[in-house]
Amino acid sequence: MGKERVAIILAAGVSSRMNTKLPKVLHEVCGRPILAYVLDACRQAGVGSLYVVVGYGAEQVKKQFEGSKDITWVNQPEQKGTAHAVLCCKKHLKDFDGETLVLCGDGPLIRVATLKTLMEKHKTERSAATLATAVLDDPTGYGRIVRDTYGNIQGIVEHRECTKEQLAIKEVNPSYYLFNNKILFDSASKVKPDNVKKEYYLTDALSIMIAAGHKVTAVTAVLPEEAISINSRVQLSETGKIMQRRIQLELMNKGVTIVDPPNTWIDARAQIGQDTVIEPFTCIHGEVKIGRGCRVGPFAYLRSGTILKDDVVLGVFTEVKNSTLSNGVRARHHSYIGDAIVGENVNIGAGSITANFDGKKISRTRIGNNCYIGSDSTLIAPLELKDGSHIEPGAVISQESMDKSMRKGKKNVS
Ligand code: UD1
Ligand code: MG
């Protein structure tokens, strides 16, 4: 193995505080599993091989990420602590002569910039281990960073093991580490479960390194919000809020207007073009692509597979799912458009819907260019409307009734 950098991501824990059957790292934040964010941060920081340690619900986790070829799955059948989890990777990494990043799978707010700072510091200081720390107003629950009078790190003490003085320390360990791989495995194998939980703590490997004379550096580079790892449903929702803010900031910086950010929800996978305006109480769920100059909402609900081309207007209580709406489509009030392909400049009147489900199967609706769909129409799928079709208000249209009217030479269908 060469000198590249690898990552070990710890994701084997049960997470009793989440009170869940689903593996914790599969819970979603803004539409994506928690673990996906951690993996992406590693990739964007230039880490080529990812070793993910799984235990509880291992098969489920593997299945969700089965397309990712850069992941090596490592089983930890019994969760004996974070050092033990790292040691489970020994078989793969014992001869690796490079740097190993160790992160927890339950911290999706991790930023690429922080990982880069960690790598930079590790290099310039020529350390055996570098960890990124955060300073928190409320450090409850986290391992505390204990430094000597010169500011050198002496070790990390877990919350439960802290003395009264140590509990007052506000600098904490968010579990972002970079190690010289060989020193990591050597030190982790010396860790003893001498603590209240009888677990093998990775944090103890650092004290072992320091005692052996290796250089360990701590850099305060983690924003307080980034330090949050998800251990409960409350933290899940708080993390979701922070992530939502990040998603919206990025979109606004790219030229999207979000009229009322706190009352708008946008999935992490959504793409939105320049000069599109998102009105309040709009929910954009799943993989949705919105073009330029569109106006969406208020109270619009866009679901997975929706593509809006440019200059589309969707108004109040309009739901779109798995459909493509071409340039200039208008659906201003109370519509459901599901599994449809809608041509250019189509006007969909108030209350019109695609009836895409017959109780057994879902069918598609195709609406040609420049069609007029009168208010309160029901378009029963499967259905194809030719370019320029004119549907009278209140019509209930099936392919059969449509063809019949056409045969009679009618242009307007009702
Ligand atoms: C750990 C750190 C603590 C730090 C905190 C930050 C240790 C001993 N403590 O504590 O200093 O402030 O994270 O969030 O490392 N895991 C496994 N296998 C195991 C045990 C844990 O894969 O046997 C995984 C968990 O799934 C989780 C991560 O490791 O993703 C951290 O474990 P957790 O039990 O949450 O550690 P904390 O008590 O939060
Ligand atoms: Mg934790």
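When a ligand or atom number is given, it counts from 1 through the structure's own listing order.
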Original post:
With a 4.0 Å cut-off on heavy atoms, does Asp106 reach ligand 1?
Top reply: yes

Subject >> Under 3.5 Å: N/O of Lys24 near N/O of ligand 1 >> reply: no

**OP:** Run the numbers for me: atoms of ligand 1, each under 4.0 Å from some heavy atom of Lys80, listed by number.
**Re:** 23 (O)

**OP:** Could you list the atoms of ligand 1 found under 4.0 angstrom from a heavy atom of Ser175?
**Re:** 1 (C), 2 (C), 4 (C), 5 (C), 6 (C), 13 (O)

Subject >> For Ala11, atoms of ligand 1 separated by under 4.0 Å from a heavy atom >> reply: 22 (O), 26 (O)

Original post:
Short N/O distance, under 3.5 Å, between Tyr177 and ligand 1?
Top reply: no

Original post:
Using 30° and 60° as the class limits, which term best fits the ring planes of Phe299 and Phe281: parallel, tilted or perpendicular?
Top reply: parallel

**OP:** Check the side chains of Gln248 and Thr264 for a donor-acceptor pair under 3.5 angstrom, ignoring hydrogens and angles.
**Re:** no

**OP:** Report yes if some N/O of Gly81 lies less than 3.5 Å from some N/O of ligand 1; otherwise report no.
**Re:** yes

Subject >> Numbered atoms of ligand 1 (with element) below 4.0 Å of Ser229, judged on heavy atoms >> reply: 14 (O)

Original post:
Closer than 4.0 angstrom: is that true for some heavy atom of Gln76 and an atom of ligand 1?
Top reply: yes

**OP:** Report yes if some heavy atom in the side chain of Val61 is under 4.5 Å from a heavy atom in the side chain of Tyr56; otherwise report no.
**Re:** no

Subject >> Part of Ala12 within contact of ligand 1 (heavy atoms, under 4.0 Å) >> reply: both

**OP:** Can you sort out which atoms of ligand 1 are near Gly143, meaning under 4.0 Å from one of its heavy atoms?
**Re:** 3 (C), 4 (C), 11 (O), 12 (O)

Subject >> Within the 6.0 Å centroid threshold, strictly below: Tyr51 and His92 >> reply: yes

Original post:
Within a strict 4.5 Å, meaning less than it, do heavy atoms of the Val54 and Lys62 side chains meet?
Top reply: yes

Original post:
Leu236 and side-chain contact (heavy atoms from CB on, under 4.5 Å): which partner among Asn231, Asp106, Ile230, Ile228?
Top reply: Ile230

Original post:
Judging by distance only, is a nitrogen or oxygen of Thr82 under 3.5 angstrom from one on ligand 1?
Top reply: yes

**OP:** Taking the side chain as every heavy atom from C-beta outward, state whether Ile8 and Val53 have any atom pair closer than 4.5 Å.
**Re:** yes

Original post:
Polar-atom distance check: Pro174 versus ligand 1, any N or O pair below 3.5 Å?
Top reply: no

Subject >> Any donor-acceptor N or O pair under 3.5 Å, side chains Ser229, Gln235 >> reply: no

Original post:
Is it true that a side-chain atom of Asn181 and a backbone atom of Phe96 form a donor plus acceptor pair closer than 3.5 Å?
Top reply: yes

Original post:
Do ligand 1 and Gly13 have nitrogen or oxygen atoms that lie under 3.5 Å from each other?
Top reply: yes

Original post:
For ligand 1, which atoms, with element, lie under 4.0 Å from some heavy atom of Ala85?
Top reply: 17 (C), 18 (N), 22 (O)

**OP:** Scan side-chain atoms only and decide if Thr354 and Asn356 contain a donor-acceptor pair under the 3.5 Å cut-off.
**Re:** no

